[in-house]
2 protein chains.
Amino acid sequence: MNLLVKEPKTKRGLNTLNRICDSAKQLFYEKGYHNTSINDITDGANIAPGTFYIYFNDKYNLYKYLLLQYSHDIRKSIRLATENCESRYERERIGLKTFLKYIHKHKNAYHIIWESLYIDYELFRAYYVDFGQRYSNGIIAGQKENEVRNVDPTVLSFMLMGISNFIGLNYAIFADGKDFDDVVDKVMDILKNGMFKK
Amino acid sequence: MNLLVKEPKTKRGLNTLNRICDSAKQLFYEKGYHNTSINDITDGANIAPGTFYIYFNDKYNLYKYLLLQYSHDIRKSIRLATENCESRYERERIGLKTFLKYIHKHKNAYHIIWESLYIDYELFRAYYVDFGQRYSNGIIAGQKENEVRNVDPTVLSFMLMGISNFIGLNYAIFADGKDFDDVVDKVMDILKNGMFKK
DNA sequence: GTCTCACATGAAGGACCTTTCATGTTTAGT
DNA sequence: ACTAAACATGAAAGGTCCTTCATGTGAGAC
């Protein structure tokens with residue numbers, strides 16, 4: 001039972017709900033959450049304004065519903081892509097590449113997640129603290145396996161999240177690169193050998 | 001001559017303009033740009049609604065004015081703090097520390113800059129592309145001085161911006177740390193020696 | 001075939017927001 | 001002190017948006 005959405009009980013209802021979500025995803029990406037009215041969403045879904053309230057209490061609940069969907073989806077992608085990696089190095093490399101491919105394919109996801117800072121600060125904070133926590137656990141595992149240097153896991157996890165996000169910003173959002181192998185290799189080289197000469 | 005603001009010509013006018021800006025900075029931080037009405041701003045500044053339009057054409061122009069102010073201010077801080085650094089390493093260390101201190105002191109700056117993604121995408125893009133460009137130039141200089149490894153300057157600059165932003169997010173925005181020496185040292189160690197064992 | 005619940009509609013009330021402007025007050029220079 | 005320009009006011013017009021609800025239609029159970 002999902003508290004954010006009033007789940008439909010017929011095929012027709014499910015179809016309408018999906019149309020609302022698709023319309024909202026597109027509009028939130030194009031115009032942003034605040035500039036998208038419920039009328040815009042229902043217009044995009046080809047339904048009457050009142051129909052919206054059959055499924056959601058308000059725009060905020062719809063937003064939260066989509067955010068959680070994306071946040072699960074992005075994690076699942078990375079988990080699936082990295083679960084068979086042999087080394088921590090390889091896991092990091094594939095994780096970064098998967099992240100870049102994901103936000104390139106779902107640019108709306110990047111927008112919706114960051115926008116939470118301006119819609120619900122606690123949601124935003126929870127998202128990154130939780131993501132950081134999981135990342136830290138992976139780093140600690142890598143340290144036990146003697147592959148990762150003995151550095152502060154929290155510091156390293158936020159560094160790595162920052163790197164993914166900003167490399168993604170430039171190479172997947174600003175530029176429209178299709179192939180991320182080159183940039184991923186460059187990042188991994190710096191993560192491995194540092195940025196300064198010895 | 002600034003096109004964003006109608007500059008006042010008396011002390012009284014200057015005082016009113018400052019009150020508007022202070023009120024807006026506080027409210028944009030607390031409630032976000034979109035949830036702040038012009039009435040909220042004028043209430044906070046203790047002036048009548050109409051007075052707002054003596055200084056700005058609309059809320060967007062005020063926003064842009066504040067964004068440019070912060071963006072100059074933050075760069076100036078970093079420039080002043082790093083201009084006497086002897087090495088590229090030291091410059092990076094002091095730059096990061098200054099950035100963290102700045103956004104800790106002016107949390108609104110962090111919010112206002114990121115919020116541009118949801119207010120004016122081109123402004124957001126221009127901000128980071130330009131920042132990245134300047135950062136790259138510094139990196140290239142460091143490479144010529146034989147201090148920085150021969151890596152892609154754009155990749156490295158976006159990595160470093162990402163690191164600053166996310167370390168800032170966790171240690172200056174989420175947590176309320178006052179002293180950043182420890183976390184800066186930890187970051188610098190990873191930037192120097194990488195994250196993996198050899 | 002009929003009954004019932006699920007779903008859909010769109011007009012309308014009400015809240016909120018931006019912006020203008022005619023009027024009034026203050027400031028700075030002479 | 002006088003005057004012209006600068007600044008301040010707040011009521012009100014006009015717009016957008018959210019949300020409700022009485023009414024209507026469709027779909028599945030028996």
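Here is how names work: the chains are called A, B, and so on, in the same order as the sequence lines, proteins then strands, and each is numbered from 1.
Phosphate proximity of dA8(D) to Thr16(B): present, with a side-chain N or O under 4.0 Å from OP1 or OP2.
Between its opening and closing five pairs, the helix from dA6(C)-dT25(D) to dT30(C)-dA1(D) changes axis direction by 30°, a value rounded to 10 degrees.
Atom CG of Asp40(A) and atom C1' of dC18(D) are 13 Å apart (whole Å). A straight line from CG of Asn35(A) to P of dG15(D) spans 20 Å, rounded to a whole angstrom.
Closest to the side chain of Arg12(A), out of dG10(D), dA27(D), dT19(D), is dA27(D).
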Go through the steps for Phe56(B) and Tyr65(B) under the test ring pair (Phe, Tyr, Trp, His ring centres under 6.0 Å), then give the verdict. CA-CA 10 Å; Phe56(B) 297 99; Tyr65(B) 179 67; 5.7 Å; yes
Please test Asn150(A) against Lys197(B) for side chain to side chain donor-acceptor pair (under 3.5 Å), starting from the C-alpha separation and ending with a verdict. CA-CA 9 Å; Asn150(A) 184 31; Lys197(B) 290 203 177 183; over 6 Å; no
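Ranked by how close their nearest DNA chain C nucleotide is to the 5' end, Thr10(B) and Ile47(A) are led by Ile47(A). Each of Gly50(A) and Gly13(A) lies near DNA chain C, and the nucleotide nearest Gly13(A) is the one positioned closer to the 5' end.
Within the 4.0 angstrom heavy-atom criterion, no nucleotide atom of any strand lies near Lys11(A). Looking at heavy-atom distances under 4.0 Å, Ser37(A) makes contact with sugar-phosphate atoms alone, never a base.
Between the side chains of Asn15(A) and Asn18(A), no donor-acceptor pair is found at a separation under 3.5 Å.
Close approach of DNA chain C to chain B, defined as any atom under 4.0 Å from a non-hydrogen atom of the protein, starts and stops at dC17(C) to dA28(C).
For the segment residues 52-64 of chain B, the set of residues with a heavy atom within less than 4.0 Å of an atom of DNA chain D comprises Ile54(B), Tyr55(B), in numerical order.
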